[in-house]
Protein chains: 2
Amino acid sequence: MAQNSKKATINDVAREAGVSKKTVSRVINKSPEVTQKTYQKVEQAIARLDYTPDPQARGLSFRRSFLFGLIYDNVNTAFIADIQDGVLDKSRSEGYELVVHPCEHGNSQWIDEVRLLIDRLKLAGVIVLPPLSENPELVKMLKGVDCEYVRILSVPLDDDAHMVQSDDRSAVAQIADHLIELGHRNIGFIHGPKGSQAAAERYAGFSDALLRNKLKLLKRNLVWGDHSFASGVVGAHKLLGGKTRPSAIVASNDEMALGAMVAAAKLGIDVPSQLSIVGFDDEPQAAKIYPSLTTVNHNLKRMGQLASEKLAALCRNQPEQAAQVQSVICLDLIVRESTAKVPPEIQGNDN
Amino acid sequence: MAQNSKKATINDVAREAGVSKKTVSRVINKSPEVTQKTYQKVEQAIARLDYTPDPQARGLSFRRSFLFGLIYDNVNTAFIADIQDGVLDKSRSEGYELVVHPCEHGNSQWIDEVRLLIDRLKLAGVIVLPPLSENPELVKMLKGVDCEYVRILSVPLDDDAHMVQSDDRSAVAQIADHLIELGHRNIGFIHGPKGSQAAAERYAGFSDALLRNKLKLLKRNLVWGDHSFASGVVGAHKLLGGKTRPSAIVASNDEMALGAMVAAAKLGIDVPSQLSIVGFDDEPQAAKIYPSLTTVNHNLKRMGQLASEKLAALCRNQPEQAAQVQSVICLDLIVRESTAKVPPEIQGNDN
DNA sequence: GTGAAAGCGCTAACAT
DNA sequence: ATGTTAGCGCTTTCAC
């Protein structure tokens with residue numbers, strides 16, 4: 001419509017519709033106690049004036065903004081972009097804008113900073129990404145403050161209204177099953193950071209599958225990393241340096257799997273004919289190398305969508321509705337080029 | 001400090017300091033017309049009450065929020081994460097929070113949507129990422145609206161106060177020089193999307209260097225892509241399919257270079273002994289493959305920092321200061337493993 | 001240099 | 001079912 005000199009306010013609409021300010025306000029807030037007829041009159045006036053309520057003024061009255069916050073650790077940026085994308089999908093359609101807030105890594109004050117952000121901006125709600133979402137102190141703070149939250153997790157640490165959880169454990173079990181089906185018996189594992197529950201969960205899935213298949217969990221087949229590329233390189237070197245090296249390596253995330261691929265290449269070990277490698281996350285680059293990486297699709301975008309859907313419901317004061325939004329995401333095994341049958345010469349060698 | 005039951009307001013501070021509301025307001029806004037003494041009294045009261053002004057209320061009066069917007073195309077997510085990181089660095093220290101706004105790709109209404117966002121949230125300023133930043137319609141809209149802006153660009157399309165520019169042209173020239181120095185004479189180029197000025201600039205840098213070195217720009221050595229991985233695969237296949245294939249390939253960005261690496265691997269052409277490949281951007285994955293990719297560091301985080309520094313200055317109404325912040329970024333050639341001397345058997349073959 | 005009153009655009013509480 | 005009054009926390013008049 002014609003861009004009038006000034007933006008229309010609630011007063012203009014009230015005048016135009018011949019009702020009081022408050023009635024317009026009721027319409028804006030979808031109050032049920034307005035006649036069908038008045039409702040329409042107001043709606044038409046709104047349309048005619050091309051009116052949009054001012055979120056700042058509304059917020060001032062409500063003591064609350066129409067902003068969601070995305071709280072994350074600033075380490076793995078590839079990870080957040082996808083979730084952010086999904087979060088935006090839903091939050092904007094629900095009338096919320098998104099403020100991003102990376103927490104300084106290693107700054108012990110980060111919880112206070114998040115509280116300050118919530119206070120200052122009067123955030124309606126926040127979505128917390130792993131690994132911060134695993135932190136019990138943070139959640140304690142969140143519960144004590146007037147701000148809704150939803151956590152994105154790999155472990156069911158909260159009720160359905162407050163989390164979206166990926167079932168990492170069974171996904172890694174799927175990975176192991178896939179390898180076992182290909183004939184692998186001697187499988188190495190590069191573990192994620194100590195302290196991380198997501199990483200622990202992934203290893204649990206690995207051990208589930210091995211035990212179910214009556215395979216031994218060998219100590220020499222487990223090395224520790226920290227989910228960084230570099231730690232994947234180092235971990236793979238350790239695994240591949242022994243006398244009876246594994247015929248397959250499972251890494252707790254794609255970054256480390258990529259590190260393992262590079263380590264194998266430098267050692268002259270061909271993937272997948274001599275060594276299978278699997279990652280976890282399906283980061284964009286997993287498909288953009290040769291051989292492309294077999295991994296598990298984390299559906300990060302979808303998780304972001306579900307999280308903001310839950311959060312919007314919570315902000316509407318409908319926790320039951322939030323709980324009904326899907327909470328657990330099953331992950332898909334994406335078989336690509338980095339896994340193959342176990343090399344015949346070592347078939348049957350299970351130690 | 002002790003978290004009192006309610007947040008302190010300007011009234012509490014006024015009472016505590018024994019002055020009027022307005023004087024407190026003057027202190028908050030660093031008005032020069034306040035006595036040194038009063039100033040201190042108020043500052044102390046603020047500290048004692050642990051007071052922070054409410055941005056919403058301030059915004060309502062100012063008709064302006066304390067929010068920056070980050071406007072980007074939702075295609076290349078790896079790209080935005082780094083810039084976002086840099087933008088946050090500076091904007092938060094200047095007292096602004098960041099709202100992110102991806103524009104639906106292919107949606108022709110996107111400029112109107114950006115305007116709506118600015119209007120609704122009364123954004124203090126926006127930072128626009130390429131390729132949207134090249135759009136003259138957008139800039140026209142931005143100039144007509146009460147909102148500061150800074151563009152991130154590869155071409156000098158604006159004055160120093162309103163852009164941060166990377167010198168892509170000379171960076172690609174550096175790349176070409178590097179290859180020529182290694183003995184390459186027959187160099188292929190995978191061009192970026194038609195319409196993109198950044199892509200045109202990069203090719204210009206390539207042609208600069210070749211001409212300066214008295215090498216011919218052969219038509220068969222130029223193929224078109226669109227900065228996607230897939231187009232890099234296709235482009236490299238075209239370049240490598242001919243009788244006298246190039247001994248080196250320059251891609252207009254890393255994504256396409258990664259595509260070229262995969263294409264070469266599938267064709268059984270070894271990189272770098274039989275073929276050198278160079279990218280542009282230094283995306284994280286460029287270093288996480290084997291052979292690792294020689295490329296140009298785009299300094300995205302730094303560009304984000306500079307952009308928000310400029311934007312903050314503009315919002316303070318100090319355009320000269322904004323203009324003085326560094327505007328042009330020089331990029332660094334990062335030599336890794338994907339480039340090597342031209343294979344001896346084809347040395348001297350310049351067509 | 002400082003303060004009192006009015007108002008930014010909206011909603012809550014209480015009428016009617 | 002709708003309107004009136006007061007107020008959210010701050011800044012802008014324009015006095016003094």
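Below, chain A is the first sequence line, B the second, and so on; all start at residue 1. The analysis underlying the following values was restricted to heavy atoms, covering all of them including side chains, and did not include hydrogens, waters or symmetry mates.
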Peer 1: Is it true that a side-chain atom of B:S65 and a backbone atom of B:G59 form a donor plus acceptor pair closer than 3.5 Å?
Peer 2: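 Looks like no, no N/O pair under 3.5 Å.
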Peer 1: Assign the ring pair B:F66 / B:Y96 to parallel, tilted or perpendicular, where the plane angle (0 to 90°) is split at 30° and 60°.
Peer 2: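 If you compare the ring of B:F66 with that of B:Y96, the planes turn out tilted.
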Peer 1: Measure from the side-chain N and O atoms of B:S133 to the backbone N and O of B:R151, and report whether any donor-acceptor pair falls under 3.5 Å.
Peer 2: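 No: the side chain of B:S133 does not pair with the backbone of B:R151.
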Peer 1: Among residues 31-44 of chain B, which residues get a heavy atom nearer than 4.0 Å to DNA chain D?
Peer 2: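 Under 4.0 Å from DNA chain D: no residue of residues 31-44 of chain B.
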Peer 1: Quick test: give all pairs of protein nitrogen or oxygen and nucleotides 13-16 of chain C nitrogen or oxygen below 3.5 Å, distance rounded to 0.1 Å.
Peer 2:
none

Peer 1: Separation of B:I10 atom CD1 from C:dA4 atom P, in whole Å?
Peer 2: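 After rounding, the gap between these two atoms is 13 Å.
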Peer 1: Within the structure, does a side-chain N or O atom of B:T23 lie under 4.0 Å from either OP1 or OP2 of C:dG3?
Peer 2: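 Indeed, a polar side-chain atom of B:T23 lies that close.
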Peer 1: If you assign each of B:K122 and B:K21 to its closest nucleotide in DNA chain C, which residue comes earlier from the 5' end?
Peer 2: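 Nearest nucleotide further toward 5': that of B:K21.
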Peer 1: Given atom CG of B:D146 and atom C1' of C:dC8, what is their separation to the nearest angstrom?
Peer 2: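 Nearest whole value for this atom pair: 15 Å.
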Peer 1: Considering only distance and modelled atom types, tabulate donor-acceptor pairs under 3.5 Å from the side chains of residues 137-148 of chain A, sequence neighbours left out.
Peer 2:
unit_1, atom_1, unit_2, atom_2, d
A:K143, NZ, A:Y149, OH, 2.8

Peer 1: If you take all heavy atoms of A:L88 and B:V100, which pair is closest and at what distance?
Peer 2: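 Looking at all heavy atoms of both residues, the closest pair is CD2-O, 3.7 Å.
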Peer 1: Closer than 4.0 angstrom, basic N to acidic O: yes or no for A:R120 and B:E97?
Peer 2: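 So A:R120 does not pair with B:E97 through a salt bridge.
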Peer 1: Using the salt bridge (Lys or Arg N to Asp or Glu O under 4.0 Å) rule, pick out the option among A:R92, A:K301, A:R302 that qualifies with A:D85.
Peer 2: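 It is A:K301, the one option of A:R92, A:K301, A:R302 that forms the salt bridge (Lys or Arg N to Asp or Glu O under 4.0 Å) with A:D85.
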Peer 1: For atom CD of B:E320, is the number of surrounding heavy atoms from other residues, nucleotides or ligands below 6.0 Å larger than 12?
Peer 2: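 Yes, enclosed.
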Peer 1: I'd like to know if the side chain of A:K310 and the backbone of A:A161 have a donor-acceptor N/O pair within less than 3.5 Å.
Peer 2: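 Between the backbone of A:A161 and the side chain of A:K310 there is no qualifying donor-acceptor contact (under 3.5 Å).
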Peer 1: Under the salt bridge (charged side-chain N to carboxylate O under 4.0 Å, His left out) rule, collect the residues that match up with B:D73, sequence neighbours excluded.
Peer 2: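 Listed in chain order: nothing, the list is empty.
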Peer 1: For B:E134 and B:A198, indicate whether the former's side chain and the latter's backbone hold a donor-acceptor pair under 3.5 Å.
Peer 2: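 Side chain of B:E134 to backbone of B:A198: a pair is present.
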Peer 1: Is there a donor-acceptor contact under 3.5 Å from the side chain of A:D12 to the main chain of A:T9?
Peer 2: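 Indeed, once roles are kept as given, a pair shorter than 3.5 Å links the two residues.
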Peer 1: Can you check whether A:E113 reaches A:C103 side chain to side chain, under 4.5 Å on heavy atoms?
Peer 2: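 Of all side-chain heavy-atom pairs linking A:C103 with A:E113, none is under 4.5 Å.
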Peer 1: Students should find this one: the first and last nucleotides of DNA chain D, 5' to 3', lying under 4.0 Å from a heavy atom of chain B. What are they?
Peer 2: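 Nucleotide range with atoms under 4.0 Å of chain B: D:dG9 to D:dT12.
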Peer 1: Which whole-number value in Å describes the distance from A:I28 CD1 to C:dA12 P?
Peer 2: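 So the CD1-P distance, A:I28 to C:dA12, works out to 11 Å.
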Peer 1: Which residues within residues 58-65 of chain A lie with some heavy atom under 4.0 Å of an atom in DNA chain D?
Peer 2: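 Only A:L60, A:S61, A:R63 qualify.
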Peer 1: Reckon A:V19 touches a base, only the sugar-phosphate, or nothing at all at heavy-atom distances under 4.0 Å?
Peer 2: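 Touches sugar-phosphate only.
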